[in-house]
Amino acid sequence: LIAIATPYKLEETTSQGSPSLTILADNSTSMELFEMGVAEKLKEALSPYFPVNLRSIGHDTFSPIGDGILQNMQGDDNILLISDGQAIQGRGLTDIMLLSSLLNTSISTVNLKQEKKDASVTIQGPSQVIVKSEAVYGVKVNNIGNVNYNLEVTVDGNLAKTDSKGNFVWHFNPGFHRIKAILRTQDDHFEENNVFYKTVKAVPRPSVLFISQKPSPLVKAIQKTYTVT
């Protein structure tokens, strides 16, 4: 009867671990906007209490933050990431964080002090559209430090008018076209990210055969996008 009841008891024990820390310092160009030397100062301050390793990830405009974390994760360890989080290459940070939870790797970050101002611009939208159809594009300005700027967007040299959210609509003729967004700024640290180009290819309208027993309002709707017979 005792065996069938499957009795058990809980025991809780506490063991002293081996505390250590790996500091990953992002050395990509974008880090110039923030306080310099933070990684070295932290290593010097924490070394008297437990082992601290300082390693660098990224260089110039190459910033594979996710790959750098993956290469330094060992499981049951601690990582301190000093970065602006601008990971433009390599593995995504979301996947890396999920993996770190499975390996029991603790990843922390530092709230860095911004010392320089910078604004950048990007264009979001399709790279291939149908001729004469309504194509919507968004121009996004990333403004760090409240930089004063003027935005100019052109399509094949023709000025495009954006709304309050930075979106604009364009109808393209057949062939290839170039969209250009340029920021004219003051007190801007990086000038190379103030211009963004996007190439768009306009392809002929697909042909559609519409069959109906009687006239339909659907014809007018699909004629905006297709060549309708």
Q: Flag the pair Arg178 / Asp156 as yes when at least one side-chain heavy-atom distance between them is below 4.5 Å, and no otherwise.
A: yes
Q) Is the shortest heavy-atom distance from the side chain of Ile179 to the side chain of Phe172 under 4.5 Å? A) yes
Q: Please answer whether the main-chain N or O of Gln74 pairs with a side-chain N or O of Asp77 as donor and acceptor at a distance below 3.5 Å.
A: yes
Q | CG on Asn104 to CG on Asn78, rounded to 0.5 Å | A | 8.5 Å
Q) Hey, any chance Leu99 and Met97 share a hydrophobic cluster, counting ILVMFWY side chains that come within less than 4.5 Å of each other, even indirectly? A) yes
Q. For the residue pair Val147 and Asn143, what are the closest heavy atoms and their distance?
A. N-OD1, 2.8 Å
Q | Reported OH-to-OG1 distance for the pair Tyr197 and Thr154, which is rounded to 0.5 angstrom | A | 8.5 Å
Q: Rounded to the nearest 0.5 Å, what's the gap from CG on Asn72 to CD1 on Ile79? Could you check?
A: 6.0 Å
Q: Begin from the C-alpha positions of Lys161 and Val153 and carry the test side chain to side chain contact (heavy atoms under 4.5 Å, CB included) through to its verdict.
A: CA-CA 7 Å; Lys161 185 177 180 180; Val153 182; over 6 Å; no
Q.
Minimum heavy-atom separation for Phe168 and Ala160, please, with both atom names.
A. CD1-CB, 3.9 Å
Q. Taking atom types as modelled, is there a side-chain donor on Thr29 or Asp60 under 3.5 Å from an acceptor on the other?
A. no
Q) Once you round to the nearest 0.5 Å, how far does OH of Tyr137 lie from NZ of Lys198? A) 6.5 Å
(Q) Check this for me, if you would: do Glu134 and Lys224 make a salt bridge, where the nitrogen-to-carboxylate-oxygen distance has to be below 4.0 angstrom? (A) no
Q: For Gln223, look at atom CD and say whether over 12 heavy atoms of other residues, nucleotides or ligands are found less than 6.0 Å away.
A: yes
(Q) Just so I know, are the side chains of Ile69 and Ile65 near enough to count as touching, which here means a heavy-atom distance under 4.5 Å? (A) yes
Q. Do other residues, nucleotides or ligands put more than 12 heavy atoms under 6.0 Å from Lys201 NZ?
A. no
Q.
Salt bridge or not between Glu115 and Lys113? Use side-chain N to carboxylate O under 4.0 Å.
A. no
Q: Write down the atom of Ala119, the atom of Asn194, and the distance for their closest heavy-atom approach.
A: O-OD1, 2.9 Å
**Q.** Ser20 side chain near Asn53 side chain, heavy-atom distance below 4.5 Å
**A.** no
Q | Asn150, CG atom: more than 12 neighbouring heavy atoms under 6.0 Å | A | no
Q. Taking atom CZ of Arg91 as the centre, does the number of heavy atoms from other residues, nucleotides or ligands within less than 6.0 Å exceed 12?
A. no
Q: List the atom of Ile2, the atom of Pro7, and the distance in Å for their closest heavy-atom pair.
A: O-CD, 3.1 Å
Q) Between Phe62 and His59, how do the two ring planes meet: parallel, tilted or perpendicular, split at 30° and 60°? A) tilted
Q: State yes or no: do Tyr226 and Val219 share one hydrophobic cluster built from I, L, V, M, F, W and Y residues joined by side-chain heavy-atom distances below 4.5 Å, directly or via other members?
A: yes
Q) Nearest heavy-atom pair of Lys43 and Val52: which atoms, and what distance? A) CE-O, 3.6 Å
(Q) Donor-acceptor pair, distance only, cut-off 3.5 Å: does the side chain of Glu32 make one with the backbone of Phe34? (A) no
Q: Measure across Thr225 and Pro206 and return the closest heavy-atom pair with its distance rounded to 0.1 Å.
A: O-CD, 4.2 Å
Q.
Quick check: is Ile123 connected to Tyr149 through a chain of hydrophobic side chains (ILVMFWY, heavy atoms under 4.5 Å apart)?
A. yes
Q.
Please determine whether the number of non-hydrogen atoms from other residues, nucleotides or ligands lying under 6.0 Å from atom CD of Glu191 exceeds 12.
A. no
**Q.** Nearest-0.5 Å distance, CG of residue Leu93 to CG of residue Leu70
**A.** 11.5 Å
Q: Answer with yes or no whether the hydrophobic clustering places Val131 together with Val136; edges join I, L, V, M, F, W, Y residues whose side-chain heavy atoms lie under 4.5 Å apart.
A: no
Q. Got a donor-acceptor contact below 3.5 angstrom from the Thr109 side chain to the Leu81 backbone?
A. no
Q) Hey, what do you get for CG (Leu183) to CG (Asp118), rounding to the nearest 0.5 Å? A) 9.5 Å
Q.
Take a 6.0 Å sphere around CZ of Phe196 and say whether it holds more than 12 heavy atoms from other residues, nucleotides or ligands.
A. yes
Q) According to a 4.5 Å side-chain heavy-atom criterion applied to Ile, Leu, Val, Met, Phe, Trp and Tyr, with indirect links allowed, do Leu80 and Phe50 form part of one hydrophobic cluster? A) yes
Q: Begin from the C-alpha positions of Leu151 and Val139 and carry the test side chain to side chain contact (heavy atoms under 4.5 Å, CB included) through to its verdict.
A: CA-CA 9 Å; Leu151 174 63; Val139 181; 3.9 Å; yes
Q | Beyond-backbone contact of Ile82 with Leu112, side-chain heavy atoms, under 4.5 angstrom | A | yes
Q. Hey, mind stepping through Glu152 and Arg184 against salt bridge (Lys or Arg N to Asp or Glu O under 4.0 Å) and telling me if it holds?
A. CA-CA 8 Å; Glu152 180 182 291; Arg184 307 188 190 281; 3.6 Å; yes
